[in-house]
K.L.:
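Dropping the structure in here first, questions after.
Every chain is numbered from 1 and lettered A, B, ... according to where its sequence line falls, protein lines coming before strand lines.
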There are 2 protein chains.
Amino acid sequence: MGLRERKKAETRAALSWAALRLTVERGLDNVRVEDIAEAAGVSPRTFNNYFSGKGEAIVARHLDRCLRVADVLREDPEEPLWDAITRAVLTQFAPDAAATAHPVADTAQWVTGVRMMLAEPALRGEMLRAGAVAEAEIAAAVGDRTGTAPERDLYPHLVASAVMAATNTAMAHHLRSDPPVPLGPLLADALAQLTAGLPAP
Amino acid sequence: MGLRERKKAETRAALSWAALRLTVERGLDNVRVEDIAEAAGVSPRTFNNYFSGKGEAIVARHLDRCLRVADVLREDPEEPLWDAITRAVLTQFAPDAAATAHPVADTAQWVTGVRMMLAEPALRGEMLRAGAVAEAEIAAAVGDRTGTAPERDLYPHLVASAVMAATNTAMAHHLRSDPPVPLGPLLADALAQLTAGLPAP
DNA sequence: ACGCAAAGATGCGGATTCCGCAAGATTGAG
DNA sequence: CTCAATCTTGCGGAATCCGCATCTTTGCGT
């Protein structure tokens, strides 16, 4: 990767991280595009060369994680489908390696801010939209594994959307819970129930 | 219901229908709030008293249908959970009673327009957000039936999000297919596979 | 090492959207 | 019949998003 692409990736990362941090700190309505651009060290106009709006910038990291799930699903075609799915999801969402790169001073305050952020309807929509984009990739990967065609068969899309639904539900429960329930077991539990057919308890 | 509430409901319906029709006909970017308001016979400012934006108006009917699924789920607590769910979803989405109220001249062109509309990322997000709003209601209804608490248990949210995922997937497949596959069987199939645990084919 | 073509960053201006506020009109209850 | 609550509307401002023109930076061939 040349200097050009690296700088572009850095700018994108700086913008999305700044957007996320400022939104968690102040709330969506108290962050202007101008603020995000300033925090990332670029002009406001440049922000719109990378993202169409605040929302897209904020969920960019979530989108990346979801897309990497599809990548992991393409790695070992021999592994049973749901084993691979569980492994892929846990890898991307459980330890949250991304958070390690941006340590947060006050964890409690951060969690509160994230809750506020996801209470915003616009952000929820943006988040789900990102999941839908990734869903197409996941469906393609599932199609490759199972010999089904996403254009013709319902199965791969159904699996992909169910996986994203389970992931979203587990994350929502993680954020709702107090004291917080670890995300990893929640994700594993949700996917296990899904493969068991969601029988009435 | 008094005159006041009826007129309000009528204005809301007129606005959402106008928003949907104009968007399907011209594409999202070629419809301004002003146009929608004019088609509904109110001032542009009034539009914003009902909806926060074009997207919310357009998906208002979808949201209503999803919310009615939750209502149906509260009707007969004796029926097995998944039977009730399947019945509720098919009732609201299969025959599309809402479309009967607004007959479309050129069906083929309408379908094309709807495809274009849902290709718009912003609309996809809005649609999913509406589904998420309804999800809370559905989760509550499932919680009542199964004796689980949405605040404490993963199960009701998991079922609700899985149902919405299956519904969305079936609708997407219906719109993708050519010649069109009837929506009813697709919905039934998707929900059946979900209860079967999505085994690899 | 040099210079050129491609790609990105920036500033400006316009169109649009969304919301708060205040005034006028309509409805429903007493 | 009267009045308070509610709804509608116009105005104005803040913010967003995008096209266009210009300037700077990067990558590559010579």
K.L.:
Atom CD of B/Glu5 to atom C1' of C/dG28: distance rounded to whole Å?
P.N.:
11 Å

K.L.:
Give a yes/no answer on whether the side chain of A/Lys8 brings an N or O atom under 4.0 Å of OP1 or OP2 in C/dG8.
P.N.:
yes

K.L.:
Short of 4.0 Å, heavy atom to strand atom, which residues of residues 47-56 of chain A count as contacting DNA chain C?
P.N.:
A/Asn49, A/Tyr50

K.L.:
Show me, pair by pair, the donor-acceptor contacts under 3.5 angstrom made by side chains of residues 130-139 of chain A, not counting sequence neighbours?
P.N.:
none

K.L.:
OP1, OP2 of C/dT10 versus side-chain N and O of A/Ser43: anything below 4.0 Å?
P.N.:
yes

K.L.:
If the threshold is 4.0 Å, N to carboxylate O, is there a salt bridge linking A/Arg68 and A/Asp71?
P.N.:
no

K.L.:
Considering only distance and modelled atom types, tabulate donor-acceptor pairs under 3.5 Å from the side chains of residues 115-123 of chain A, sequence neighbours left out.
P.N.:
from     : atom 1 : to       : atom 2 : distance (Å)
A/Arg115 : NE     : A/Leu175 : O      : 2.5
A/Arg115 : NH2    : A/Leu175 : O      : 3.0
A/Arg115 : NH2    : A/Ser177 : O      : 3.3

K.L.:
Could you tell me whether A/Asp64 and A/Arg61 make a salt bridge, using a distance below 4.0 angstrom between a side-chain N and a carboxylate O?
P.N.:
no

K.L.:
So which of residues 12-20 of chain B are in contact with DNA chain C, with a heavy-atom cut-off of under 4.0 Å?
P.N.:
none

K.L.:
Do the side chains of B/Val163 and B/Val142 get nearer than 4.5 Å, heavy atoms only?
P.N.:
no

K.L.:
Is A/Arg129 salt-bridged to B/Glu126, cutoff N-O under 4.0 Å?
P.N.:
no

K.L.:
Let me check the geometry of the helix from C/dA1-D/dT30 to C/dG30-D/dC1. What is the bend angle between the axes at its two ends, five pairs each, to 10°?
P.N.:
30°

K.L.:
Please determine whether any donor N or O and acceptor N or O are separated by less than 3.5 Å between the side chain of B/Arg45 and the base of C/dG20.
P.N.:
yes

K.L.:
For B/Ala172, enumerate each residue passing the side chain to side chain contact (heavy atoms under 4.5 Å, CB included) test, keeping only those at least two apart in sequence or located in another chain.
P.N.:
B/Arg176

K.L.:
A/Lys7 NZ to D/dT24 P: how many Å, rounded?
P.N.:
15 Å

K.L.:
Taking the side chain as C-beta and beyond, is there a heavy-atom pair between B/Phe93 and B/Val69 under 4.5 Å?
P.N.:
yes

K.L.:
Taking side chain as C-beta onward, heavy atoms only, is B/Leu158 less than 4.5 Å from A/Asp189?
P.N.:
no

K.L.:
As a test of reading the structure: which of D/dA15, C/dA9, D/dT9 is closest to the side chain of B/Thr46, going by heavy atoms?
P.N.:
D/dT9

K.L.:
Heavy atoms, side chains only, cut-off 4.5 Å: are B/Glu56 and B/Tyr50 in contact?
P.N.:
no

K.L.:
State, yes or no, whether a side-chain contact exists between A/Thr169 and B/Tyr155 at a heavy-atom distance under 4.5 Å.
P.N.:
no

